[in-house]
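Everything quoted here is computed from the prediction, not taken from an experiment.
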Amino acid sequence: MKHLFLAALASVSLAALAACSGEGGGETKACAAPAGVVNVYTSRHYDTDLALYEDFTCSSGIKVNRLEADADALIERIAAEGEYSQADLFVTVDAGRLWRAEQAGFLAPVDSKVLQTRIPANLRDPQNRWFALTTRARIIIYNKAKGVPQGLANYEDLAKPEFKGRLCMRSSSSVYNVALLASLIAHDGEAKAGAWAKGVVANFQRPPEGNDMSNIEAVAAGECDISLVNTYYLARFDTPEKRKVLDSIGIIFPNQATTGTHVNMSGAGLVKTAPNRENAVKFLEYLASDKAQQVLANGNNEYPTATGVAPTSAVEKLGSFKPDPLAPAEIGKNQARAVELFNAAGWN
């Protein structure tokens with residue numbers, strides 16, 4: 001049963017071979033001979049990742065098989081499959097989910113000088129069970145035409161009564177908001193974090209709705225004055241067609257004088273029962289290479305994690321900032337309580 005391949009896995013090997021052979025009019029490129037497979041269970045859903053799979057297959061000969069689903073579903077699946085799991089790598093887009101996978105006990109340490117050199121210590125598990133691939137910051141935006149909101153420098157300031165009726169937010173069910181509140185619990189304690197959630201709710205201009213993209217547009221249009229969004233969503237407006245929206249937005253990197261701006265991450269870890277362990281480590285090392293890091297970061301306007309790799313110009317234009325160095329374990333263990341505090345505050 002261990003060697004039975006899951007029919008649900010989607011293979012990108014044919015696309016890789018086509019790209020390397022030059023089918024479709026592309027330049028002919030010699031690909032490596034077949035060298036086995038690596039099975040990736042991923043909650044990342046970006047088209048640029050497919051290009052990475054193809055390039056890795058061509059350069060290494062290792063076929064990448066992908067099973068894409070929600071991170072929580074993948075965690076449950078790998079845990080349930082146990083020793084019979086075909087998963088080699090678990091990939092997700094949230095620090096809390098990496099912590100959950102770690103706590104589920106199915107991630108294994110990776111002894112790789114490449115990864116330990118390329119990925120800074122604060123962006124990997126202390127036992128090297130997972131490695132961050134990209135990061136994104138959760139920032140405050142405001143309507144430029146209405147001026148810089150006075151007294152707004154930190155996340156905590158969003159709960160001040162002077163901002164009543166000025167905030168647009170997305171649902172508390174968003175993993176981005178849950179992770180942020182989990183970090184506030186770690187820094188400020190449950191009581192203050194709960195009071196903050198209630199204060200923010202009291203300042204809503206409207207009930208939570210939409211997503212980061214729609215709230216950026218709402219702030220730019222003056223429907224509300226202030227919101228919280230991820231940097232990569234804002235960078236998506238750096239196009240000729242959407243420039244008017246971006247030009248209407250002001251940016252605050254919160255908590256620069258205190259804890260630093262909250263960041264979340266995409267990351268990957270080796271599954272303990274990986275049937276193709278060696279190939280999985282090779283793929284992890286490839287994802288930390290300059291080439292892969294640029295594709296991962298630029299494809300979704302995120303910050304690369306590997307040392308010496310610069311972010312895309314659209315992200316760089318947003319400015320530099322001091323990130324919050326809070327360990328993902330602190331975010332992960334506080335997420336359940338964060339959901340409870342959101343519910344108690346009426347932030348639905």
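If you check the side chains of Arg138 and Asn177, you find a donor sitting under 3.5 Å from an acceptor. No side-chain donor-acceptor contact under 3.5 Å links Asn128 and Asp111. For the residue pair Ser183 and Glu330, no side-chain donor N or O sits within less than 3.5 Å of a side-chain acceptor on the partner. Residues Tyr232 and Asp212 bring no donor and acceptor atom of their side chains to less than 3.5 Å of each other.
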Open item on the list: Working note: Tyr155 + Leu228, criterion side chain to side chain contact (heavy atoms under 4.5 Å, CB included); need CA distance, chi angles, decisive distance, verdict.
Closed with: CA-CA 9 Å; Tyr155 296 112; Leu228 280 169; 3.9 Å; yes

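Atom NZ of Lys146 has more than 12 neighbouring heavy atoms from other residues, nucleotides or ligands inside a 6.0 Å radius. Summarising the local packing, NZ of Lys164 is surrounded by 12 or fewer heavy atoms from other residues, nucleotides or ligands at distances under 6.0 Å. Annotation for Lys198: atom NZ does not count as buried by contact number, only 12 or fewer foreign heavy atoms lying within 6.0 Å. Taking a 6.0 Å sphere around CD of Glu278, one finds it holds 12 or fewer heavy atoms contributed by other residues, nucleotides or ligands.
Across Arg44 and Ser266, no two heavy atoms sit closer than the pair NH1-OG, 2.9 Å.
Note on ring orientation: taking the six-membered ring where Trp is involved, the planes of Tyr176 and Tyr233 are perpendicular (angle over 60°, cut-offs 30° and 60°). Ring planes of Phe90 and Phe106: perpendicular class, angle over 60° (limits at 30 and 60°).
Looking at Leu98 and Pro328, their side chains never come closer than 4.5 Å, going by heavy atoms from C-beta outward. Asp88 places none of its side-chain heavy atoms less than 4.5 Å from the side chain of Val40. Counting only heavy atoms from C-beta outward, the side chains of His262 and His187 never approach each other to under 4.5 Å. Contact check for Lys322 versus Phe253: no side-chain heavy atoms found under the 4.5 Å cut-off. Residues Phe163 and Asp225 have side chains not in contact (no heavy-atom distance under 4.5 Å, counting atoms from C-beta outward). Leu74 places none of its side-chain heavy atoms less than 4.5 Å from the side chain of Arg97. By the 4.5 Å heavy-atom criterion applied to side chains, Val339 and Phe342 are not counted as neighbours.
Of the charged side-chain nitrogens involved, at least one lies within less than 4.0 Å of a carboxylate oxygen, so that Arg337 and Glu340 count as a salt-bridged pair. Of the charged side-chain nitrogens involved, none lies within less than 4.0 Å of a carboxylate oxygen, so that Arg66 and Asp49 do not count as a salt-bridged pair. With respect to Asp290 and Arg118, a salt bridge is recorded, a charged nitrogen being found less than 4.0 Å from a carboxylate O.
Side-chain atoms of Asn255 do not come within 3.5 Å of backbone N or O of Asn154 as any donor-acceptor pair.
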